[in-house]
Amino acid sequence: MEAITEGVNNINITETYKKNRIQVSNTKKPLFFYVNLAKRYMQQHNEVELSALGMAIATVVTVAEILKNNGLAVEKKIMTSTVDIKDDSRGRPVQKAKIEILLGKTANFDELMAAAAAEAGENGDAEEQTN
């Protein structure tokens, strides 16, 4: 019986962990850290899932809008829910809002990324020549 319980627990763990999910915090990293990380995830996995709780939801929406407005991403799915989080100071569960935004690559994502990389390379060369 213990082996069955352990097997069920392992299945739940692997399903909840996704390689292309970014859990965004509004206090730990700057906004463009998440924008650049999402670009890298889309290069590797063709899509990225941005996830946040509570006050970090505004950060996730901003990251998604930056990627969409730059022509790099399209919205595939938006999911909202509430999650019970145990508050140690109060000793009872507190409900927090949760959002998950699934973004996919646009048709010209690779072209835009290549152009941005070439532009960054040219700017780097220009700086080296002036020094």
Side-chain angles (χ1 to χ4, degrees):
M1 190 67 176
E2 287 178 31
I4 294 171
T5 305
E6 187 177 323
V8 169
N9 289 340
N10 289 342
I11 290 170
N12 291 338
I13 290 169
T14 55
E15 284 179 5
T16 57
Y17 174 75
K18 292 183 180 177
K19 289 184 177 170
N20 64 337
R21 175 182 285 171
I22 301 172
Q23 293 180 315
V24 176
S25 163
N26 61 341
T27 57
K28 292 188 179 159
K29 301 280 183 190
L31 180 71
F32 275 88
F33 168 83
Y34 294 112
V35 172
N36 292 325
L37 186 61
K39 287 179 189 177
R40 213 170 320 140
Y41 275 38
M42 282 194 290
Q43 282 177 322
Q44 294 171 351
H45 304 288
N46 294 327
E47 61 183 27
V48 64
E49 184 178 306
L50 302 169
S51 174
L53 293 174
M55 302 298 282
I57 289 174
T59 305
V60 160
V61 171
T62 304
V63 169
E65 286 300 313
I66 288 169
L67 293 167
K68 283 171 35 188
N69 291 338
N70 289 334
L72 297 169
V74 290
E75 270 173 28
K76 287 188 168 184
K77 192 174 185 182
I78 298 176
M79 297 162 284
T80 59
S81 60
T82 54
V83 181
D84 287 332
I85 306 248
K86 191 169 191 294
D87 187 357
D88 292 331
S89 62
R90 295 185 189 149
R92 58 183 166 84
V94 176
Q95 285 200 322
K96 286 232 179 194
K98 179 179 182 179
I99 191 167
E100 294 171 295
I101 302 175
L102 184 63
L103 298 174
K105 279 179 163 183
T106 56
N108 58 347
F109 174 89
D110 294 318
E111 294 167 26
L112 292 169
M113 290 299 286
E119 190 178 306
E122 287 172 14
N123 290 342
D125 293 341
E127 287 177 17
E128 286 175 18
Q129 291 173 356
T130 58
N131 289 339

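Heavy atoms only: backbone and side chains are in, while hydrogens, waters and symmetry mates are out. The shown structure was predicted, so the numbers you read here are calculated from the model rather than taken from an experiment.
A 4.5 Å side-chain heavy-atom check between Ile66 and Phe32 finds at least one atom pair inside the cut-off. Contact of the Asp110 side chain with the Lys105 side chain is registered, since non-hydrogen atoms from C-beta on lie closer than 4.5 Å. Side-chain contact check for Tyr41 versus Glu49: every heavy-atom pair is 4.5 Å or farther apart. At a threshold of 4.5 Å between non-hydrogen side-chain atoms, the residues Val48 and Ile22 count as touching.
If you run side chain to side chain contact (heavy atoms under 4.5 Å, CB included) between Ile101 and each of Val60, Val63, Val24, Leu67, only Val60 comes through. Results of the side chain to side chain contact (heavy atoms under 4.5 Å, CB included) test with Gln95 over Ile85, Val83, Thr82 single out Thr82 as the only residue that passes.
Taken from NZ in Lys98 to CD in Gln23, the straight-line distance is 7.5 Å, to the nearest 0.5 Å. Atom OG1 of Thr59 is separated from atom CD1 of Ile99 by 11.5 Å, given to the nearest 0.5 angstrom. Atom-to-atom distance recorded for Ile57:CD1 and Leu50:CG is 12.5 Å, nearest 0.5 angstrom. In this structure, CD on Gln43 lies 5.0 Å from CZ on Phe109, to the nearest 0.5 angstrom. The CD atom of Gln44 lies 10.5 Å from the NZ atom of Lys19; values are rounded to the nearest 0.5 Å.
Note: the hydrophobic cluster containing Val61 does not contain Met55 (ILVMFWY, side chain heavy atoms under 4.5 Å, direct or indirect links). Put simply, Leu102 and Leu37 are part of two different groups of oily side chains (I, L, V, M, F, W, Y) that touch within less than 4.5 Å, one to the next.
Among residue pairs with one or both ends in residues 28-37, none qualify as salt bridge (charged side-chain N to carboxylate O under 4.0 Å, His left out); sequence neighbours excluded.
The closest donor-acceptor contact from the side chain of Tyr34 to the backbone of Asn26 lies at 3.5 Å or more, if one exists at all.
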What side-chain donor-acceptor pairs closer than 3.5 Å can you find for residues 71-81, not counting sequence neighbours?
unit_1, atom_1, unit_2, atom_2, d
Glu75, OE2, Lys68, NZ, 2.5
Lys76, NZ, Glu47, OE1, 2.8

